[in-house]
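Computation of the quantities below employed the complete heavy-atom set of this structure, encompassing side-chain atoms and omitting hydrogens, waters and symmetry-equivalent molecules. Sequence lines set the chain letters: A, B, ... in the order given, protein chains first and strands last, and positions in each chain run from 1.
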Protein chains: 2
Amino acid sequence: MSAAITAKGQVRRDALLDAVIRVLERGGLCSVTHRAVANEAGLPLSAATYYFATLDDLLTGALRRATEGQVQLFARLRDGTLADFAEALHRWTHVDRASAIAQYELLLLAMRRDGLREAADSWYRALEEALEATAGVARPQVAALTLDGLVLRMLWRGEPSSVGAIEAALREILGDAHDRPDRLPPSTTSGSSA
Amino acid sequence: MSAAITAKGQVRRDALLDAVIRVLERGGLCSVTHRAVANEAGLPLSAATYYFATLDDLLTGALRRATEGQVQLFARLRDGTLADFAEALHRWTHVDRASAIAQYELLLLAMRRDGLREAADSWYRALEEALEATAGVARPQVAALTLDGLVLRMLWRGEPSSVGAIEAALREILGDAHDRPDRLPPSTTSGSSA
DNA sequence: CCTAATCTGGTACGTTCGTTCCAATCTAAG
DNA sequence: CTTAGATTGGAACGAACGTACCAGATTAGG
């Protein structure tokens, strides 16, 4: 045993996992192949097969990497304001929509692969913990479910689409229902989806 | 123009779409190919390519078909009791888990294909309308989001796992928060997941 | 330095895929 | 019955895939 894991090897590993995300964004799960990932990373095919023997290794690593970033985003929510979180959520679901879809595709894949269960779990737990630590949230466990549903709704239907509308929806979800008896607020600043 | 669309043709069409769901359940989105679907339906490859020229046609038709069934399930919720709905939800997310995952895979695909937007929309609208028609639901729009999140949580983590626990969670979600200030109820009858 | 392990880039095999083509068969309208 | 259009089953082509292999380059430990 001598070289173990070289620094340069780790750089290539990370480059490949980042490439997986980009390929995923562009063409979905089925388009993730050793060749496509290697090409996206600007590396020869052998580099992909050497560091990630099977396609599953590639996807597993990508999910774990993406989850880390998401966990950090949720952690930042814990310390920031609601408006900050609304803006982060807007960026994630509208500006970087392809990236968000890619992450959900990986999470859905985690339902099938037991090796990914852990990653999906930590993603979920990070959201719950962030909500529990956020002041004024009446029922964090329920709010976590609703927030999850809100993200999906934004990805599917595009609404709410503005930062302001998202913040209003968050207020509706996180806070208790004392002033608004019903309805998610419609988009306030920008119009509806296509 | 004479035969237009024959009855036998429609039978084969439906058989192929059902086969898509079964293939999807077994191996995920990437395993849906003309050959796999035709083989699953017990038909020659040409039958799949004749009725559904592209893979997208196959997936589009399958999502539309699956959505119809789901819309009918939600409609039944409107008229039944909460316990009935809890049982239906339990069957969907635990007994027929693979089928539920397959449907979400198709819904996720709908985020990428504009032709599927309509199907995803009708699925969503059916859930909201069912909740609006259900007596005692304080905020149906919010509840729809939460219910969506609950389904995903059950698919990812397996909890809540018993019919009783699901019904309790539903009561927490649908009704107002006047007796329980926090927490989703833990599983009551069966244990937690792995 | 030396040696063993990691890393690199390229090639090739066998499989599976979407897609196309075609001759034969079936069906319904005139 | 006749005939045009719908349907059927089989075969084949080119492309892309996972995977395996290998000879050379690089690197780290002794």
Are the charged groups of [X] and [Y] less than 4.0 angstrom apart, N to O?
X: A:D56; Y: A:R113; result: yes
X: B:R153; Y: A:D148; result: no
X: B:E68; Y: B:R64; result: no

Separation of [N] [atom2] from [X] [atom1] (nearest whole Å):
X: A:F52; N: D:dG18; atom1: CZ; atom2: P; value: 14 Å
X: A:L43; N: C:dG9; atom1: CG; atom2: C1'; value: 11 Å
X: A:N39; N: D:dA16; atom1: CG; atom2: C1'; value: 13 Å
X: A:R13; N: C:dT6; atom1: CZ; atom2: P; value: 11 Å
X: A:L59; N: D:dG18; atom1: CG; atom2: P; value: 10 Å
X: B:Q10; N: D:dT8; atom1: CD; atom2: P; value: 12 Å
X: A:R12; N: C:dT6; atom1: CZ; atom2: P; value: 16 Å

Establish, for the pair B:R157 and A:Y124, whether the NZ or CZ atom is under 6.0 angstrom from the six-membered ring centre and no further than 45 degrees off its axis.
yes
If each of A:T49 and B:L55 is mapped to the nucleotide of DNA chain C with the nearest heavy atom, which maps nearer the 5' terminus, i.e. the 5' end?
A:T49
Check every strand shown and say whether A:A53 touches a base, only sugar-phosphate, or nothing at a heavy-atom separation below 4.0 Å.
sugar-phosphate
Quick one: which of [options] gets closest to the side chain of [X]?
X: B:Y50; options: D:dT8, C:dG9, D:dG18; result: D:dT8
X: A:L45; options: C:dA12, D:dA6, D:dC17; result: C:dA12
X: B:H34; options: D:dG10, C:dT19, D:dT19; result: C:dT19

Below 4.0 angstrom from OP1 or OP2 of C:dC17, is there any side-chain N or O of B:T33?
yes
Think B:R35 has a side-chain N or O under 4.0 angstrom from the OP1 or OP2 of D:dG10?
no
I'd like to know if the side chain of B:T60 pairs up with that of B:D57 as donor and acceptor (distance under 3.5 Å, no hydrogens or angles considered).
no
